[in-house]
There are 2 protein chains.
Amino acid sequence: MLGAIADSPGISRAGVAARTGLTKATVSSLVDRAIAADLVVDGEPARRDGPGRRGTTLSLSPAGPHGLGVEIGVDYIATCLVDLTGSVASQRIKPVDNRAQPANRVLAKVARAIRTTVTELPAQVGGVGVAVPGLVESATGFLRTAPNLGWRDVDVQAELRDRVDLGDTAIMVGNEANFAALGEMWGGDHGDPGELRDFVHVSGEIGIGAGIVMDGVLFEGVRGFGGEVGHLPVDSKGPQCSCGARGCLEAMAGQDTILRQAGAPDVDALVDRLRGNDRKALAATRSVARWLGTALSTVVNLLDVPTIVLGGTYARIEPWLHDLLLDELTTRVVSATWSQLRILPSTLGTEAAVRGAAASAVRAIVADPDPFITATVAV
Amino acid sequence: MLGAIADSPGISRAGVAARTGLTKATVSSLVDRAIAADLVVDGEPARRDGPGRRGTTLSLSPAGPHGLGVEIGVDYIATCLVDLTGSVASQRIKPVDNRAQPANRVLAKVARAIRTTVTELPAQVGGVGVAVPGLVESATGFLRTAPNLGWRDVDVQAELRDRVDLGDTAIMVGNEANFAALGEMWGGDHGDPGELRDFVHVSGEIGIGAGIVMDGVLFEGVRGFGGEVGHLPVDSKGPQCSCGARGCLEAMAGQDTILRQAGAPDVDALVDRLRGNDRKALAATRSVARWLGTALSTVVNLLDVPTIVLGGTYARIEPWLHDLLLDELTTRVVSATWSQLRILPSTLGTEAAVRGAAASAVRAIVADPDPFITATVAV
DNA sequence: CAGATAAGTTCAGGCATCGAACTATTGATG
DNA sequence: CATCAATAGTTCGATGCCTGAACTTATCTG
């Protein structure tokens with residue numbers, strides 16, 4: 001029910017009723033409870049053109065529970081607090097070389113970051129989202145492997161609970177690419193909120209990760225290891241990859257490969273050269289578009305997702321990727337003949353993952369406020 | 001609730017309660033209603049080892065509503081009736097060259113087949129499933145395209161309703177490969193019923209189709225066009241495909257390609273030659289295993305589905321595909337290091353699709369018996 | 001100001017499910 | 001063989017979520 005308010009802030013009770021199919025009576029009582037729990041606030045009456053009483057504008061309360069997002073990157077720890085409306089209350093990024101340290105050392109740092117953020121916040125923390133660059137079992141939150149951190153089999157949630165007293169606040173651990181996709185859906189600027197509900201978010205950083213969202217819900221596969229696009233085979237004759245196979249997408253279109261082929265030291269330099277129509281840079285980008293297109297056509301053929309959001313490095317070079325990528329996809333995707341594909345650049349860039357982690361925590365409350373409300377009443 | 005009875009026939013009311021989390025009281029009343037509507041029958045008391053009253057064995061009623069499945073193949077129309085338990089009541093296959101005829105001519109034949117089957121049945125028809133070799137929009141049941149039939153934009157459901165009086169009996173139109181997967185799940189012989197809940201069913205016939213089942217539910221993608229594996233790109237240097245792209249799976253591992261490479265006139269001959277260790281046949285099969293493995297590794301990496309069921313032609317040559325395919329998958333699938341993949345041959349073979357279509361119709365009642373029960377009471 | 005229109009509230013009632021007490025059936029034990 | 005513990009199944013009042021319909025409040029229009 002709160003979802004309707006989240007998707008269109010300023011909606012009236014009657015509007016919510018129309019949207020959700022519940023009766024006005026039900027909505028009224030639910031909204032009353034939500035207001036009592038400080039999840040929703042009643043605003044000024046809305047303007048209306050015709051006759052009739054004006055509805056009061058409902059919106060999620062900025063003073064309600066906040067979501068705390070933490071991203072454990074390879075060389076940084078980022079934190080972020082968002083309120084129920086999705087507005088960022090605070091954000092911080094701390095460079096640390098996590099690769100050089102064992103998991104428990106890093107988690108101690110993360111715990112400290114959580115502690116300070118929580119104590120600084122005047123409002124309540126309603127949930128914590130932790131984004132990690134690795135494969136997480138969705139049922140348990142167990143981190144199976146994080147190659148770029150060198151971690152294996154870490155129970156991030158339990159480790160953090162040992163180190164920070166969070167009571168029974170929910171901690172959700174998830175893959176960074178997945179959270180990035182959610183962040184983009186909830187916090188990105190793509191027309192009307194709630195319009196972007198079916199898409200693949202591809203982010204090219206050190207690896208290539210994808211977050212798949214269908215009908216507004218993250219698609220994680222059976223156990224949570226889905227959406228692994230980095231090692232999709234795209235070129236049977238391609239170079240050997242660290243995973244043992246040949247011609248993986250990561251090897252053909254990863255950030256390292258682009259920069260090497262373009263002869264650029266970093267992404268900024270690459271963008272500069274593209275702007276200056278540098279031949280090598282353009283050729284490298286074209287090649288990336290081709291391979292990425294091959295891989296994404298597979299994704300679209302399998303999942304029938306009509307929109308692709310380019311994040312991370314790809315977002316930076318999206319103008320040069322767009323046409324070729326769309327072309328490649330259109331020829332390869334079976335359903336493309338009668339249904340238009342869209343390619344959009346990410347609007348949150350590298351912030352997407354933390355934002356998504358934080359927003360996930362509050363969205364859990366929005367999706368099912370009951371546990372939160374009963375907990376609040378009990379206290 | 002009936003799902004629990006379907007999955008383990010002979011279960012007691014108490015067993016259902018334990019399984020579903022409902023209370024004994026609730027189960028009792030629900031079961032009573034289901035018995036009244038002839039959906040469930042009470043059997044003999046079960047044996048038990050310890051003390052305590054023995055539970056009555058519940059099972060779905062073989063006299064209850066039946067599901068009617070129809071498959072519109074390229075050169076046949078198959079029909080099939082199954083009862084609630086999944087037992088086949090009757091089955092028929094009629095060779096017709098549907099390619100040579102316009103859609104409405106074929107649908108008239110289908111309508112006739114439905115009529116005769118319905119009138120022969122002493123029990124009630126609870127739903128109709130229609131399997132077509134094409135892409136169906138899941139929300140509407142609209143057939144977008146069926147390349148091998150030469151059909152485009154056909155509203156199969158409406159056409160059939162015009163031609164057969166089915167009252168308000170549900171008609172579900174779906175892709176043949178999807179129904180085949182469901183058929184295999186519900187009617188196949190893979191250990192305990194309910195054990196096969198997450199798998200990809202790949203059937204190699206004229207095209208290559210896949211049905212993806214996750215958590216016992218068909219995965220169709222956003223609009224229903226998901227699971228299209230036939231045109232996954234597997235070899236960037238491969239031959240041109242009719243779809244416009246290069247090196248599609250269908251061109252590399254389709255039935256035609258196998259037979260041509262093996263120099264065999266048909267699948268029977270191919271199997272004979274494989275049994276006789278014919279070199280060309282073995283080489284062709286190895287090549288198929290490689291390409292199929294490449295494509296399926298993509299599917300598994302994206303969807304994280306732990307089991308692959310080989311249907312159609314692939315089922316026939318499964319013994320020769322198995323090891324190489326598993327090998328290819330194990331090296332390419334990221335999660336394979338800690339989680340075993342399984343490859344199974346289909347047990348229903350070419351019957352899978354009609355069986356699945358018929359079973360889908362009754363499963364809809366099992367999943368939500370309320371509309372059926374209220375309709376029954378009203379009459 | 002009357003009339004029309006729409007938002008929001010109140011309250012009795014329906015419906016599915018629950019909880020707890022009850023009855024029924026069975027093997028084990030002395 | 002009587003009794004007991006264990007388990008299956010039933011009955012019935014209680015509960016909680018939601019609905020439907022009537023009602024109150026607020027606003028525009030002529």
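Bear in mind the structure is a predicted one, so any value in this text is a computation, not a measurement. Chain identifiers are assigned alphabetically (A, B, ...) following the order of the sequence lines, protein sequences preceding nucleic acid strands; residue numbering begins at 1 within each chain.
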* Which part of the nucleic acid, if any, lies within reach of A14(B) when heavy atoms closer than 4.0 Å are counted: base, sugar-phosphate only, or nothing? -> sugar-phosphate
* Specify the residue among D370(B) and K24(B) whose closest nucleotide of DNA chain C lies further upstream toward the 5′ end. => D370(B)
* To do: Write down the distance between CG (D32(A)) and P (dC17(D)), rounded to a whole number of angstrom.
  => 14 Å
* **Candidates dT17(C), dG9(D), dA4(C) - which lies nearest the side chain of P51(A)** => dA4(C)
* Asked: Between D42(B) and R48(A), who's closer to the 5' end of DNA chain D by nearest nucleotide?
  -> D42(B)
* Asked: Is the shortest side-chain N/O distance from T23(A) to OP1 or OP2 of dC18(D) below 4.0 Å?
  -> no
* Could you pick out which residue, L22(A) or R54(A), lies toward the 5' side of DNA chain D when each is mapped onto its nearest nucleotide? => L22(A)
* Would you call D370(B)-R33(B) a salt bridge at under 4.0 Å N-O? -> yes
* Nucleotide of dT23(C), dC11(C), dA26(D) approaching R53(A) most closely (side-chain heavy atoms) -> dA26(D)
* To do: Quick one: label S29(A) by what it contacts on the DNA or RNA (base, sugar-phosphate, nothing), any heavy atom closer than 4.0 Å.
  => nothing
* Asked: Just how far, in rounded Å, is C1' of dT17(C) from CZ of R33(B)?
  -> 12 Å
* Asked: Over how many whole Å does the gap from I11(A) atom CD1 to dG8(C) atom P extend?
  -> 10 Å
* To do: Assess the side chains of D189(A) and T347(A): does a donor N or O sit below 3.5 Å from an acceptor N or O?
  => no
* Structure fact -> When rounded to whole Å, the CZ to C1' distance for the pair R47(B) and dT7(D) reads 15 Å
* Asked: Which is true for S28(B) with a 4.0 Å heavy-atom rule: it touches a base, it touches only sugar-phosphate, or it touches nothing?
  -> base
* To do: Check whether any side-chain N or O of S12(A) sits under 4.0 Å from OP1 or OP2 of dG8(C), and answer yes or no.
  => yes
* D49(B) CG to dT25(C) P: how many Å, rounded? -> 20 Å
* Whole-Å gap separating P (dT11(D)) and CZ (R13(B)) -> 11 Å
* Asked: Checking D83(A) side chain against H66(A) main chain: does a donor-acceptor pair fall under 3.5 Å?
  -> no
* So with a 6.0 Å cut-off around CD of E195(A), is the heavy-atom count from everything else above 12? -> yes
* To do: Could you check how far CG of L30(A) sits from P of dG16(D), rounded to whole Å?
  => 15 Å
* Applying side-chain contact (heavy atoms from CB on, under 4.5 Å) between L303(A) and each of L303(B), I212(B), V222(B), report the one that passes. => L303(B)
* Structure fact -> Quick note, A25(A) side chain, CB onward, closest among dG8(C), dA21(D), dA8(D) is dA21(D)
* Quick one: I35(B) CD1 to dT10(D) P, roughly how many Å, whole number? -> 8 Å
